[in-house]
Amino acid sequence: MTEDARGARAGPDPVREMAREGKRLSRGFGWLAALGALLVVGGVVGLVYTGVATLTSMLLFGWLLLIGGVVGLLQAVQSRGTSYFWLAAVVAALNIAAGVVVIRHPQGSAEALTLFAALLFLTGGLFRLVGSVVVRGPQFGWTLLQGAFGLLLGLLVLFDWPHSSRYVLGLFFSLALLFDGLGLIAIGVGGRRIVGMVTPSPQEGSSPDSPETAQDQSNN
């Protein structure tokens with residue numbers, strides 16, 4: 001019996017199919033790890049050049065607002081005649097206007113967002129401090145430490161404002177890139193390892209001791 005006849009009779013080899021699928025999954029996890037490495041490099045560069053990272057993050061934020069506003073406006077035009085048409089149009093117009101302002105004045109926008117972030121740190125830290133003292137729950141020490149850290153961070157940013165706007169947003173943006181990249185690398189490497197453990201080798205499907213091979217040899 002020829003190999004084509006045996007293959008047509010036996011059908012697709014499940015072991016080979018699993019090996020092929022595992023190889024594709026492993027390649028996908030590899031690309032994920034490569035993307036994580038790229039983000040890590042961007043985060044490290046941003047930590048070194050925080051001023052450039054601040055301007056980059058503001059320009060990226062402005063373009064995201066602008067593109068989101070244009071998409072929202074197109075969706076609002078498609079939904080004209082509905083009850084939420086004017087609300088969607090106003091929100092889209094505000095996003096477009098904010099995006100244009102941020103793109104044209106990234107330094108001033110960075111100062112405003114840094115001041116807003118400092119106020120958020122202050123209020124969040126103060127609420128955590130007061131809440132931990134009043135409630136005194138099982139996480140009292142951890143909540144108290146979080147509140148003190150947030151309050152101290154807000155005061156440091158606020159006392160150095162507007163000079164702090166040159167590096168605060170870029171620092172946060174770079175740290176986000178760094179930790180996201182490390183997370184993607186961990187997922188990619190761990191995924192490739194798991195796929196390699198559970199995926200059978202293609203040679204296992206063509207073992208000479210398998211029942212299909214023995215039956216083919218007897219037919220020959």
Side-chain angles (χ1 to χ4, degrees), residues 24-25 27-125 127 150 153-154 156-158 160-191:
R24 186 169 58 184
L25 286 175
R27 190 182 300 113
F29 280 117
W31 282 109
L32 197 64
L35 177 60
L38 185 63
L39 291 180
V40 168
V41 172
V44 172
V45 173
L47 289 176
V48 176
Y49 303 100
T50 53
V52 177
T54 297
L55 292 179
T56 302
S57 61
M58 294 309 303
L59 290 175
L60 180 62
F61 179 60
W63 279 108
L64 287 176
L65 285 175
L66 184 60
I67 295 174
V70 171
V71 173
L73 187 61
L74 292 177
Q75 291 179 349
V77 171
Q78 291 178 355
S79 63
R80 59 183 180 274
T82 60
S83 57
Y84 56 88
F85 165 72
W86 287 108
L87 178 61
V90 170
V91 172
L94 290 176
N95 285 334
I96 293 175
V100 171
V101 171
V102 172
I103 292 172
R104 295 191 61 181
H105 306 283
Q107 187 62 42
S109 302
E111 293 179 0
L113 287 179
T114 303
L115 180 61
F116 181 69
L119 294 177
L120 283 181
F121 288 137
L122 282 175
T123 54
F127 274 112
L153 184 60
L156 289 176
V157 174
L158 190 61
D160 198 30
W161 189 84
H163 177 71
S164 59
S165 62
R166 300 178 182 178
Y167 59 86
V168 168
L169 297 179
L171 179 64
F172 291 161
F173 179 69
S174 302
L175 288 176
L177 286 180
L178 180 61
F179 287 116
D180 287 344
L182 291 175
L184 289 179
I185 290 176
I187 293 174
V189 174

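In this chain, residues are counted from 1 in sequence order.
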Output the distance between atom [atom1] ([X]) and atom [atom2] ([Y]), rounded to the nearest 0.5 Å.
| X | Y | atom1 | atom2 | value |
| --- | --- | --- | --- | --- |
| L156 | L122 | CG | CG | 10.0 Å |
| L169 | S174 | CG | OG | 10.5 Å |
| R166 | L171 | CZ | CG | 16.0 Å |
| L59 | L66 | CG | CG | 12.0 Å |
| M58 | H105 | CE | NE2 | 12.0 Å |
| I185 | L38 | CD1 | CG | 10.0 Å |

Using every non-hydrogen atom in the two residues, find where [X] and [Y] come nearest and quote the distance to one decimal.
| X | Y | answer |
| --- | --- | --- |
| L39 | G181 | CB-CA, 3.7 Å |
| A92 | G69 | CB-O, 3.4 Å |
| A118 | V157 | CB-CG1, 3.8 Å |

Note to self: Strictly distance-based, threshold 3.5 Å: is any side-chain N or O of W63 a donor or acceptor partner for the main-chain N or O of I103?
What the structure shows: no
Check: Is any side-chain heavy atom of L115 closer than 4.5 Å to a side-chain heavy atom of L158?
Finding: yes
Check: With side chains defined as the heavy atoms from C-beta onward, is the minimum distance between L65 and F61 less than 4.5 Å?
Finding: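 Touching, per the 4.5 Å side-chain cut-off.
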Checklist line | Stepwise side-chain contact (heavy atoms from CB on, under 4.5 Å) check, F173 with T54 | finding: CA-CA 8 Å; F173 179 69; T54 297; over 6 Å; no
